[in-house]
Amino acid sequence: MSGETGTLAAVTPASMANAIRALAMDAVQAANSGHPGMPMGMADVATVLWSEFLSFDPDAPDWADRDRFVLSAGHGSMLIYASLYLSGYASPTLDDIRDFRQLGSVCAGHPENFLIPGVECTTGPLGQGVAMAVGMAMAERHLNAVFGDTLVNHKTWVIAGDGCLMEGINHEAVGLAGTLGLGRLNVLWDDNRITIDGDASLSTSEDVAARYRASGWHVASCDGHDYADIARALAEAAADPRPSLVACRTLIGKGAPNKQGGHNVHGSPLGADEIAATRANLGWTAAPFDIPADILAAWRRTGDRGRAAHAAWAAASAEHPLRGEFDRRMAGQLPPLGDADAAFAGWLESPRKLATRKSSELALDVLAPLVPELFGGSADLTGSNLTKVKATPSFGQNAYGGRHVHYGIREFGMAAAMNGAALHGGVIPYGGTFLVFSDYCRNAIRLSALQHARVIYVLTHDSIGLGEDGPTHQPVEHVMSLRLIPNIHVFRPADVIETAECWQLALASAATPSVLALSRQNLPQLRHAAEGNRSAKGAYRLIAATAPRQVVLIATGSEVEIAVATAAALEARGIGADVVSMPCWDLFDAADAAYRADVLPQGVLKVSIEAGVTTGWQKYTGDGLTIGIDTFGASAPAEVLYDHFGLTAEKILPRILDRLA
Ligand SMILES: Cc1ncc(C[n+]2csc(CCOP(=O)(O)OP(=O)(O)O)c2C)c(N)n1
Ligand SMILES: [Mg+2]
């Protein structure tokens with residue numbers, strides 16, 4: 001906080017922190033909605049973090065080697081909006097802050113990564129910010145191992161609340177970070193002992209510090225309103241080789257004389273009277289949204305350290321032999337993939353009957369060496385998901401150059417970490433679990449989509465076709481329910497060729513996550529001719545009717561084989577039937593109308609076949625037939641189950657004949 005002029009030198013950390021407090025309380029009051037408690041309580045910690053520790057360049061929010069800052073307690077969004085504005089980022093502006101929570105303002109209720117460049121990730125769903133920060137710290141260590149200290153050498157800082165630490169995902173994230181030894185990760189805990197319902201002791205009696213220590217973390221604590229003590233604790237955290245938790249003892253709503261320390265200040269405007277009392281209490285005389293020039297100038301200087309670091313980085317890295325490759329990866333541009341196209345074209349000639357999870361492994365075997373940013377993993381199902389290939393050795397504390405993360409049995413933590421890694425940039429994360437456990441990580445999958453993160457979910461054992469493990473493991477509603485999430489491509493490829501096509505499409509979707517729903521059971525190869533990437537339009541006519549067309553069978557994944565057999569049986573009776581393979585609804589819906597009308601023509605019986613819930617298929621079949629499973633599955637060998645649930649050509653044929661009669 002050293003100023004060159006007398007005026008600047010006179011600006012205290014307290015007045016800088018009060019600028020956050022004032023903006024937070026005034027913006028929440030103007031919106032008549034929002035959360036003043038957390039920003040006011042953590043204003044002092046944020047001031048020290050910004051002034052003395054965080055390495056950032058307000059003029060270059062996307063500088064690759066900046067420290068990452070995650071406001072995991074996203075309800076305290078005014079803290080990050082105020083800090084970004086005050087420290088001189090172009091966004092948000094003071095007008096944006098005036099419009100806090102209004103339509104069109106980048107200052108949304110909770111911070112959104114796609115609205116403000118300085119917001120590294122979208123937060124609000126408690127716990128996921130910390131877990132995403134773990135993914136950012138993983139990406140940082142991996143890229144450091146690949147590109148070296150000159151190009152990659154930064155920290156990840158998090159502000160988290162009681163809620164973030166109480167959520168189950170916190171246990172996953174903390175366990176993973178401790179195991180991986182992510183020493184550059186520092187979590188600043190807003191230890192205010194208040195949650196929405198009241199005192200935190202209503203719902204928790206945990207010794208948080210003991211839990212973190214037991215997981216291999218370094219734990220420090222400080223008085224969150226004592227600048228020297230905060231700086232001491234943050235310096236300890238920064239220096240310790242383990243991931244650090246800093247318990248910052250704070251008063252929620254600090255500064256509001258009648259409301260601080262109580263749970264009512266968490267999420268309601270202070271009200272005009274209390275705002276006046278707070279101004280008097282803090283000695284803050286400026287009007288709402290008016291920051292005194294000397295205080296603003298002091299804040300604007302907090303970026304100077306980072307600006308200098310950025311300039312030094314740019315100079316040191318300009319001639320670095322890996323700079324070009326590093327820039328490519330950080331920009332999210334794929335390398336040339338011609339070799340993959342050639343390899344996959346070769347697959348057409350020698351048909352193979354393979355589970356699509358196995359086909360996925362073969363595709364990865366081709367892609368991983370060509371796309372070094374592919375950064376894989378599995379939630380302890382590596383041998384089932386088949387996500388680890390020769391080019392992806394294990395990633396670990398002494399092997400940060402590795403490319404396969406053993407996430408452990410932490411599906412939610414894995415998904416959130418993949419979001420963080422994708423948003424960090426320089427890696428394209430993919431990770432596996434059983435499709436049925438996508439529910440465990442569903443909100444993180446949703447956040448992949450919301451955040452435009454290129455994350456690839458490899459979800460195997462995608463239906464009753466997994467057989468004997470039974471209904472706990474057999475997804476029924478999952479494929480359909482994942483399709484409901486906006487901005488995600490749900491792929492269910494039918495054979496080895498479609499699997500390779502879907503992998504290529506997933507890789508190329510820079511702003512959309514993908515789900516690959518893959519079979520456990522073997523599936524015949526249905527494609528033999530080179531026709532380009534036919535999955536790219538989401539659905540295509542795999543087989544055209546020979547007899548006059550009366551039926552179009554639409555199927556996905558493992559049921560395309562059944563549709564082919566059903567079509568043959570219909571043709572044998574002189575009934576023409578197309579088979580449409582539909583690996584991706586979302587891409588088909590985005591195709592042009594003429595193409596869609598050609599694939600799914602009017603005036604014929606349309607029949608969907610998918611081993612899952614039928615709800616939703618009506619948008620393609622109209623008043624046709626939807627064949628699927630609207631109950632839980634059962635425990636038996638796969639072929640027995642397919643017969644039991646009526647998913648065989650023999651059982652589907654009479655239903656179609658009945659409708660045509
Ligand atoms: C997953 C999830 N559950 C519930 C909420 C609603 N919510 C917002 S803040 C909060 C808890 C507040 O406690 P704390 O994290 O200590 O924040 P503080 O009140 O101290 O600011 C809750 C339950 C949420 N945002 N995310
Ligand atoms: Mg709290």
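Only a predicted model underlies this, so the values are computations on that prediction, with no experimental measurement involved. Every number for a ligand or one of its atoms is a count from 1 in the order of the listing.
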Just to be sure I understand the cut-off, which residues have at least one non-hydrogen atom under 4.0 angstrom from an atom of ligand 1?
Met38, His75, Gly124, Pro125, Leu126, Gly161, Asp162, Gly163, Glu167, Asn192, Ile194, Thr195, Ile196, Ile252, His266

pair Asp44-Arg21: side-chain heavy atoms closer than 4.5 Å:
yes

Looking at Arg279 and Asp26, is there a salt bridge between them, counting it only when a charged N and a carboxylate O are closer than 4.0 Å?
yes

At the Mg ion (ligand 2), what's the angle from Asn192 OD1 to Ile194 O, rounded to 10 degrees?
90°

Is the closest basic N to carboxylate O distance between Asp96 and Arg98 below 4.0 Å?
no

May I ask you to establish whether Arg300 and Tyr85 are in a cation-pi arrangement, using a distance under 6.0 Å from NZ or CZ to the six-membered ring centre and at most 45° from the ring axis?
yes

Is it the case that Ser87 and Trp50 place a side-chain donor and acceptor less than 3.5 Å from each other?
yes

Under a 4.5 Å cut-off applied to non-hydrogen side-chain atoms, are Leu176 and Met138 in contact?
yes

Heavy atoms of Phe69 and Glu120 approach each other most closely as O-CG, 3.4 Å

Per residue Asp162, nearest N, O or S atom to the Mg ion (ligand 2) is named OD2

